[in-house]
Structures are given as structure tokens and as C-alpha cells.
Amino acid sequence: MAGETIITIIGNLTADPELRTTSQGSAVCNLTIASTPRVWNRQNGQYEDGQPLFLRCSAWRDLAQHCAQSLAKGMRVIAQGRLQQRSYQAQDGSNRTVLELQIDDIGPSLRYATTQVSRTSHTQAQQGAYTGGATGYGNPNPTATGGDPWSTPDNGPVYGAAQGEEEPEF
């Protein structure tokens, strides 16, 4: 939608994601991402931590279930979504305003870690029956290759080239 503020944040989860269900039956996962900038100080030759940012985030429906099953406290994540401002009245009667990130995409950062990705089939996602992965990408039977869905090529269509054409020389 036009006019929305889209941001990307990289940081660590401060706690395990909290999965809840609304009264209408939609799954929502709440989490907090902490991001602290580091700046090189030339005078003392060391990195210094800047002011930390703690950003409350929420993911909805299938993404909420995937977050709760895949992410844990302390994990470094990359999240992208829409920054939204919300005002409310606190219990003490004061008016407060908060900024929250409505997550569109989130995943683990691979800078200091590795991960195993498994794909959820479309029918599983619609039914909410996430089982930790379906057939994976490119290989219809990942168990035949030791559980590694990336071990064999997809042999699907090559996009950007006509049938039988080779890649252009550079």
C-alpha cells in the first residue's frame, strides 16, 4: 500500500517468540528484536556500542506459526515489514504512543550461523498443519538423498533463456 514505511532490521531476539490466537482464530506471534549499532572509534582503536534499539514486532497467520516453530531467544534475525504507530491509554491514565513492526518476512541471519530450510506445501499452510517441511525445493524425495533437498538439481524451466539456448558469454 502506498505511503507505508517499510524497514528492515537486523538484530537478536530478546526472548522466545510468543504465539497466541485471537478471538477470531488468527494466529499472531509477538517478539522483540534488539539491534545495537557498533561504531569504530579511531582514537582508542576499538569498537563502541551505540544506543540499543528494542523493536516490538508481530507476525500473523502462517508466518506467526513458522516464527514460533523456527526462532528462539538469542537468534540473530533479519526482519522486514511495515512500521506502524499505535496510541493507547495506559492503566495510569496517561496517553502513550508506540512503534511496532508488522513483519512481512523474517529469517535467521546466516552471518554467524547455518540453518536447514524446509518448505511447507501450500495445502499444509492453508490448513495450518505445519509439520516442519514437505518435499523441499527441487527434489521430490529428499530422504533418497539423505534428507538434503538441495542435493539434486530441479531440472525445471530456465527462466530468461529460450529452450535450448546457452547462457550468454560475459
Side-chain angles (χ1 to χ4, degrees), residues 1-41 46-139 142 147-150:
M1 180 179 272
E4 291 183 326
T5 305
I6 306 290
I7 67 166
T8 302
I9 184 171
I10 302 172
N12 296 348
L13 296 180
T14 61
D16 288 334
E18 179 184 318
L19 182 64
R20 296 181 299 117
T21 305
T22 65
S23 59
Q24 291 83 21
S26 295
V28 61
C29 184
N30 295 314
L31 51 97
T32 301
I33 299 175
S35 180
T36 305
R38 299 193 85 198
V39 180
W40 179 257
N41 185 334
Q46 295 180 347
Y47 280 102
E48 294 179 353
D49 288 339
Q51 190 70 27
L53 169 69
F54 294 90
L55 186 59
R56 289 290 300 160
C57 305
S58 60
W60 291 85
R61 292 172 277 293
D62 292 336
L63 182 58
Q65 292 175 350
H66 298 167
C67 287
Q69 292 175 351
S70 304
L71 304 176
K73 177 182 179 179
M75 288 182 73
R76 185 175 176 89
V77 296
I78 302 171
Q80 183 176 29
R82 294 163 279 129
L83 194 59
Q84 296 183 338
Q85 181 175 311
R86 182 172 57 89
S87 298
Y88 66 97
Q89 189 170 23
Q91 290 180 348
D92 62 0
S94 62
N95 292 327
R96 298 196 180 176
T97 301
V98 294
L99 290 174
E100 297 174 327
L101 182 67
Q102 298 295 319
I103 298 174
D104 293 326
D105 257 324
I106 187 169
S109 171
L110 300 180
R111 187 173 200 169
Y112 304 114
T114 61
T115 188
Q116 181 87 22
V117 177
S118 57
R119 183 176 184 181
T120 303
S121 71
H122 187 64
T123 55
Q124 285 178 324
Q126 285 179 340
Q127 296 170 356
Y130 181 74
T131 60
T135 60
Y137 291 94
N139 185 4
D148 184 6
W150 302 101

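Since the model is a prediction, treat every value here as computed from it, not as a measurement.
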Which atom pair, heavy atoms only, marks the closest approach of Leu19 to Ala27?
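That would be CD1-CB, 4.2 Å.
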Closest approach of Pro17 to Ala68 (non-hydrogen atoms, all atoms of both residues):
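Distance-wise, the nearest heavy atoms are CB-CA, 4.2 Å.
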Show every donor-acceptor pair shorter than 3.5 Å between a side-chain atom in residues 50-58 and any protein atom, with sequence neighbours excluded, or say none if there are none.
from, atom 1, to, atom 2, distance (Å)
Arg56, NH1, Thr32, OG1, 2.5
Ser58, OG, Gln102, OE1, 3.1
Ser58, OG, Gln102, NE2, 3.1

Of all residues at least two apart in sequence or in a different chain, which pass the side chain to side chain donor-acceptor pair (under 3.5 Å) check with Asp105?
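Asp105: no side chain to side chain donor-acceptor pair (under 3.5 Å) contacts found.
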Can you list everything that forms a side chain to side chain donor-acceptor pair (under 3.5 Å) with Gln80? Sequence neighbours excluded, please.
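For Gln80 there are no side chain to side chain donor-acceptor pair (under 3.5 Å) partners, ignoring immediate neighbours.
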Which value, rounded to the nearest 0.5 Å, describes the distance between [X] atom [atom1] and [Y] atom [atom2]?
X: Trp60; Y: Thr22; atom1: CH2; atom2: OG1; value: 6.0 Å
X: Gln85; Y: Thr97; atom1: CD; atom2: OG1; value: 5.5 Å
X: Thr21; Y: Gln65; atom1: OG1; atom2: CD; value: 7.5 Å
X: Asp16; Y: Cys67; atom1: CG; atom2: SG; value: 12.5 Å
X: Ser94; Y: Gln89; atom1: OG; atom2: CD; value: 7.5 Å
X: Leu63; Y: Ile106; atom1: CG; atom2: CD1; value: 7.0 Å

Could you check whether atom CZ of Arg111 has more than 12 heavy atoms from other residues, nucleotides or ligands sitting under 6.0 Å from it?
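Result for CZ/Arg111: open.
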For the residue pair [X] and [Y], establish whether any side-chain heavy-atom pair is separated by less than 4.5 Å.
X: Ile33; Y: Leu13; value: yes
X: Arg82; Y: Ile6; value: yes
X: Ile103; Y: Leu31; value: yes
X: Asn41; Y: Gln46; value: no

Could you please spell out the steps behind the side chain to side chain contact (heavy atoms under 4.5 Å, CB included) verdict for Arg86 and Gln84?
CA-CA 7 Å; Arg86 182 172 57 89; Gln84 296 183 338; over 6 Å; no
Looking at Ser70 and His66, would you say the former's side chain and the latter's main chain have a donor-acceptor pair under 3.5 Å?
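Yes: the side chain of Ser70 pairs with the backbone of His66.
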